[in-house]
Colleague: 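Sharing a structure, written as structure tokens. Questions coming.
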Amino acid sequence: NVRGVGYELICSSPTLLTLSELPTAQVWVHTHVREDALQLFGFLAKTEKDFFLSLIKINGIGPKVAMKILSSAPLSTIIGMIEDGDVKGLSGLPKVGKKTAEQMILSLKGKLVLSEEQKPRVGFAARADIVSALVNLGFKLQEVEKVVEQMAPTTEFEDGIKRGLTSLAGTF
């Protein structure tokens, strides 16, 4: 809802999960215009949006397939598979066959280096990414939020994941 006008955003599962728990949020939006439709895609982190934009440039991957890919695994895992040339791992993602996986590797390998402004930030953005990653690993949202709330506001993503896993290990 922006100044009395409601917009529908299509978001990845981790983004939707995080947004559902927040009273308000700031999201990055991509407007996808087609001849027969105007669609808005929302992202909590700029890195997720940038990766989405890279995916939809690949032949055979449209915005809906890109969203399914983003919903299927943490972004760092998907990028890792691309950088490792893991065709089998990428083929296990929804709507990604062997040819599409090979095309993803060919198009994106070595080009996904995150600039400093794209790396997960501390504070709100890092906390949202930490919550999303831990929930994707199978932990319950309420338990994850309790653990993340106890972290310092300056906790970086990788450190937050390590601390979260250590705290939540007994609750799985």
Side-chain angles (χ1 to χ4, degrees), residues 1-34 37-56 61-82 93-95 112-172:
N1 186 357
V2 180
R3 297 185 187 211
V5 178
Y7 294 93
E8 179 181 28
L9 294 177
I10 301 167
C11 300
S12 65
S13 297
T15 296
L16 284 174
L17 189 61
T18 304
L19 286 175
S20 69
E21 300 296 321
L22 301 172
T24 62
Q26 180 178 347
V27 294
W28 294 88
V29 176
H30 168 71
T31 304
H32 188 76
V33 180
R34 289 191 338 212
L38 181 97
Q39 297 172 312
L40 301 174
F41 294 87
F43 310 92
L44 273 180
K46 187 172 185 322
T47 52
E48 185 182 25
K49 179 184 177 192
D50 291 343
F51 185 69
F52 171 85
L53 293 174
S54 296
L55 283 175
I56 63 174
I61 299 180
K64 289 185 180 177
V65 171
M67 256 322 146
K68 287 185 185 286
I69 292 169
L70 286 169
S71 293
S72 65
L75 184 58
S76 59
T77 302
I78 299 168
I79 291 173
M81 286 190 280
I82 291 169
L93 300 175
K95 304 288 185 182
L112 297 172
V113 177
L114 303 175
S115 65
E116 284 304 312
E117 68 268 7
Q118 291 175 315
K119 289 184 180 176
R121 301 179 302 274
V122 296
F124 176 77
R127 285 175 170 245
D129 289 344
I130 293 167
V131 169
S132 176
L134 292 171
V135 169
N136 280 332
L137 289 171
F139 296 102
K140 294 181 181 173
L141 180 61
Q142 288 180 322
E143 294 169 356
V144 169
E145 286 178 334
K146 287 178 187 175
V147 169
V148 173
E149 284 175 12
Q150 296 173 357
M151 293 179 191
T154 57
T155 302
E156 294 184 14
F157 178 76
E158 288 182 15
D159 189 40
I161 294 298
K162 289 176 188 173
R163 290 180 186 185
L165 288 172
T166 301
S167 297
L168 294 165
T171 64
F172 200 5

Colleague: Test Glu8 against Leu40 for side chain to side chain contact (heavy atoms under 4.5 Å, CB included), laying out the working first.
Modeller: CA-CA 7 Å; Glu8 179 181 28; Leu40 301 174; over 6 Å; no

Colleague: Would you confirm whether Ser20, through its side chain, and Leu17, through its main-chain N or O, come within 3.5 Å as a donor-acceptor pair?
Modeller: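 Between the backbone of Leu17 and the side chain of Ser20 there is a qualifying donor-acceptor contact (under 3.5 Å).
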
Colleague: Please give me the minimum heavy-atom distance between Ile56 and Ala66, naming the atom from each residue.
Modeller: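 For Ile56 versus Ala66, the nearest heavy atoms are CG2-CB, 3.8 Å.
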
Colleague: Without swapping roles, check the side chain of Lys49 against the backbone of His30 for a donor-acceptor pair under 3.5 Å.
Modeller: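 A pair under 3.5 Å: no.
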
Colleague: Atom NZ in Lys64, atom CD1 in Ile69: separation rounded to 0.5 Å?
Modeller: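 If we round to the nearest 0.5 Å, Lys64:NZ and Ile69:CD1 are 15.0 Å apart.
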
Colleague: Applying salt bridge (Lys or Arg N to Asp or Glu O under 4.0 Å), which residue pairs with at least one partner in residues 159-170 are found, sequence neighbours left out?
Modeller: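 Applying salt bridge (Lys or Arg N to Asp or Glu O under 4.0 Å) to every pair that reaches into residues 159-170, excluding sequence neighbours, yields Asp159-Arg163.
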
Colleague: To the nearest 0.5 Å, what is the distance between CD on Gln39 and CG on Leu9?
Modeller: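 Answer rounded to 0.5 Å: 11.5 Å.
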
Colleague: Starting at CD1 of Ile78, measure out to CD1 of Ile82 and round the result to the nearest 0.5 Å.
Modeller: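 Between Ile78 CD1 and Ile82 CD1, I get 7.5 Å after rounding to 0.5 Å.
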
Colleague: Run the side chain to side chain contact (heavy atoms under 4.5 Å, CB included) test on Val29 and Phe41 for me, step by step, so that the C-alpha distance in whole Å, both residues' side-chain angles and the decisive distance to 0.1 Å come before the verdict.
Modeller: CA-CA 6 Å; Val29 176; Phe41 294 87; over 6 Å; no

Colleague: For Glu158, does the CD atom have more than 12 heavy-atom neighbours from other residues, nucleotides or ligands under 6.0 Å away?
Modeller: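 Check fails, neighbour count at 12 or below.
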
Colleague: Quick check: closest heavy atoms across Leu19 and Ala25, and the distance to 0.1 Å?
Modeller: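 Answer, listing the atom of Leu19 first, then Ala25: CD2-CB, 3.4 Å.
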
Colleague: Can you give me the closest heavy-atom contact between Phe139 and Val144, atom names plus distance?
Modeller: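 Taking every non-hydrogen atom into account, CB-CG2, 3.5 Å.
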
Colleague: Checking side chain to side chain contact (heavy atoms under 4.5 Å, CB included) for the pair Leu141/Glu21: CA distance, chi angles, key distance, verdict?
Modeller: CA-CA 9 Å; Leu141 180 61; Glu21 300 296 321; 3.0 Å; yes

Colleague: Side chain of Thr18, backbone of Pro14: donor and acceptor closer than 3.5 Å?
Modeller: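 Yes: the side chain of Thr18 pairs with the backbone of Pro14.
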
Colleague: Taking atom OG of Ser76 and atom CE of Met81, what is their separation to the nearest 0.5 Å?
Modeller: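 Ser76 OG to Met81 CE: 9.5 Å, rounded to 0.5 Å.
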
Colleague: Does a side-chain heavy-atom distance below 4.5 Å link Leu137 with Leu165?
Modeller: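 They are in side-chain contact.
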
Colleague: Does the plane of the ring in Phe43 sit parallel, tilted or perpendicular to the ring in Phe52? Use 30° and 60° as the thresholds.
Modeller: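 Ring orientation, 0 to 90° scale: tilted.
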
Colleague: Go through the steps to decide whether Leu55 and Leu53 satisfy the test side chain to side chain contact (heavy atoms under 4.5 Å, CB included), and finish with yes or no.
Modeller: CA-CA 5 Å; Leu55 283 175; Leu53 293 174; over 6 Å; no

Colleague: Is there a side-chain contact between Leu70 and Glu48 (heavy atoms, below 4.5 Å)?
Modeller: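 Side-chain contact under 4.5 Å: yes.
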
Colleague: Using modelled atom types and a 3.5 Å cut-off, is there a donor and acceptor pairing between side-chain atoms of Ser12 and backbone atoms of Ser71?
Modeller: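 Answer holds: no.
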
Colleague: What heavy-atom pair brings Ala73 and Leu93 nearest, and what distance separates the two atoms?
Modeller: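 Answer, listing the atom of Ala73 first, then Leu93: CB-CD2, 4.4 Å.
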
Colleague: Between CD1 of Ile161 and CG of Leu134, what distance do you get to the nearest 0.5 Å?
Modeller: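 Spacing of CD1 (Ile161) from CG (Leu134) equals 4.0 Å.
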
Colleague: Atom CE of Met67 and atom OG of Ser72: how far apart are they, to the nearest 0.5 Å?
Modeller: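 It comes to 12.0 Å.
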
